[in-house]
Amino acid sequence: MPASSLPRRPLVGLGTALALGVVFAGSPLGHAAGSAVALPPPATTGPAPADDERHSVVLAGGCFWGIEAVFQHLDGVTDAVSGYSGGAARTADYRWVSAGRTRHAEAVRITYDPEKISYARLLQVFFSVAHDPTQLNRQGPDIGPQYRSAIFYADETQRRVAQAYIDQLDAEGAFDRPIVTRLSPLDAFYPAEAYHQDYAYHHPNQPYIVFNDLPKVANLERLFPELYRDDPVLATTP
């Protein structure tokens with residue numbers, strides 16, 4: 001989804017996008033854009049927070065614009081920043097990452113208040129509405145390992161809870177294909193270029209955003225009304 005290829009003009013609204021998502025259901029584009037799965041919460045959770053410290057997790061699942069947009073509308077999230085994880089600092093550049101020339105994945109660092117939302121609930125949203133965890137090295141129209149499904153865990157607790165949830169969902173047959181989400185240790189997170197931050201918020205009429213990302217936000221509101229907030233938390237000043 002190179003920014004230079006996306007015209008900055010209104011195309012269609014969310015209602016039309018959702019309708020088209022139904023029309024295209026079953027295709028890679030329609031599946032990524034309009035599908036959502038009502039999943040049970042993780043049976044295994046981490047320890048309760050000991051204080052009011054803010055926590056974070058780095059998630060990847062296709063273009064970071066959509067992942068960021070979903071979690072910006074989630075109550076308890078205090079920040080969501082688009083960036084890169086999995087590769088070297090010198091290659092954390094959109095021109096290289098988007099071409100598949102690095103080991104990076106487009107990722108989002110989500111900072112959250114554990115008194116309001118748990119890591120386990122973040123994973124439930126991630127697997128339910130933010131992306132399709134059964135697509136290998138792609139997400140809808142975006143193809144390549146830079147768009148892989150991944151959880152970059154910061155510690156053993158994050159890894160254990162994530163692996164247990166994947167095993168739980170596979171055992172319950174939550175999806176018609178195996179989950180391919182990779183669990184990788186978080187070596188570093190590199191924020192993306194400024195124009196990527198809050199992209200869906202600043203460009204709601206971009207065709208890519210309309211077809212691929214606004215339906216995800218709508219699915220968040222539909223499946224998690226108790227967690228949804230209408231005004232997104234922004235990573236940058238509008």
Side-chain angles (χ1 to χ4, degrees), residues 37 39-64 66-72 74 76-89 91-92 97 102-139 144-172 174-175 178-192 224 227 233 235:
V37 181
L39 299 175
T44 301
T45 61
D51 50 38
D52 61 354
E53 178 186 359
R54 297 302 193 261
H55 294 239
S56 65
V57 60
V58 175
L59 303 176
C63 173
F64 42 29
I67 299 291
E68 182 192 65
V70 167
F71 285 97
Q72 285 181 326
L74 197 62
V77 170
T78 58
D79 196 23
V81 178
S82 291
Y84 314 107
S85 280
T91 60
V97 175
T102 74
R103 296 167 61 186
H104 283 294
E106 290 195 12
V108 177
R109 184 183 63 204
I110 300 153
T111 305
Y112 64 99
D113 182 350
E115 295 289 347
K116 294 183 177 180
I117 191 168
S118 67
Y119 171 65
R121 287 286 266 172
L122 294 176
L123 293 183
Q124 185 184 14
V125 170
F126 178 60
F127 285 106
S128 296
V129 304
H131 81 308
D132 178 357
T134 70
Q135 293 196 26
L136 181 62
N137 290 333
R138 69 172 298 163
Q139 200 64 209
Q146 68 272 32
Y147 302 113
R148 65 187 178 271
S149 173
I151 298 171
F152 293 91
Y153 58 88
D155 54 36
E156 177 58 22
T157 296
Q158 286 192 353
R159 188 206 66 78
R160 177 177 58 82
V161 173
Q163 185 62 65
Y165 193 38
I166 290 172
D167 293 343
Q168 173 188 338
L169 295 177
D170 276 338
E172 295 175 357
F175 298 93
I179 293 172
V180 296
T181 304
R182 301 185 196 177
L183 301 185
S184 302
L186 177 63
D187 294 325
F189 174 82
Y190 306 97
F224 297 93
L227 297 178
V233 58

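We use all heavy atoms of the structure for the numbers below, so side chains are in, but hydrogens, waters and symmetry mates are not. Note that this is a predicted model, so its numbers are computed, not measured.
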Supply the atom-to-atom distance [X] [atom1] to [Y] [atom2], rounded to the nearest 0.5 angstrom.
| X | Y | atom1 | atom2 | answer |
| --- | --- | --- | --- | --- |
| Y153 | Q158 | OH | CD | 10.5 Å |
| H55 | L122 | NE2 | CG | 11.5 Å |
| N137 | R182 | CG | CZ | 5.0 Å |
| S85 | E106 | OG | CD | 11.5 Å |
| I110 | F71 | CD1 | CZ | 4.0 Å |
| L39 | L123 | CG | CG | 11.0 Å |

Nearest heavy-atom pair of [X] and [Y]: which atoms, and what distance?
| X | Y | answer |
| --- | --- | --- |
| T45 | A120 | CG2-CB, 3.8 Å |
| V233 | V77 | CG1-O, 3.7 Å |
| K116 | G76 | CB-CA, 3.9 Å |
| A107 | V58 | CB-CG1, 3.7 Å |
| A80 | V108 | CB-CG1, 4.1 Å |
| P191 | V81 | CB-CG1, 4.1 Å |

Closer than 3.5 angstrom, by distance alone: can the side chain of [X] be matched with the main-chain N or O of [Y] as a donor-acceptor pair?
| X | Y | value |
| --- | --- | --- |
| S184 | I151 | no |
| R121 | S118 | no |
| H104 | Q146 | no |
| Q139 | H131 | no |
| T78 | T111 | yes |
| E68 | G83 | no |
| Q168 | P41 | yes |

What do the steps show when you test F224 against S128 for side-chain contact (heavy atoms from CB on, under 4.5 Å), and what is the final call?
CA-CA 10 Å; F224 297 93; S128 296; 3.9 Å; yes

Full working for ring pair (Phe, Tyr, Trp, His ring centres under 6.0 Å) between F127 and Y165
CA-CA 10 Å; F127 285 106; Y165 193 38; 5.6 Å; yes

Given the rule in the side-chain contact (heavy atoms from CB on, under 4.5 Å) test, do L183 and I166 qualify, once you have shown the distances and angles that lead to the verdict?
CA-CA 10 Å; L183 301 185; I166 290 172; 4.1 Å; yes

Does a side-chain heavy-atom distance below 4.5 Å link F126 with S149?
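Yes - at least one pair of side-chain heavy atoms lies under 4.5 Å apart.
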
Flag the pair L169 / P40 as yes when at least one side-chain heavy-atom distance between them is below 4.5 Å, and no otherwise.
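The answer is yes; the side chains approach within 4.5 Å.
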
Centre-to-centre under 6.0 Å for Y84 and F64, is that the case here?
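Yes, close enough.
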
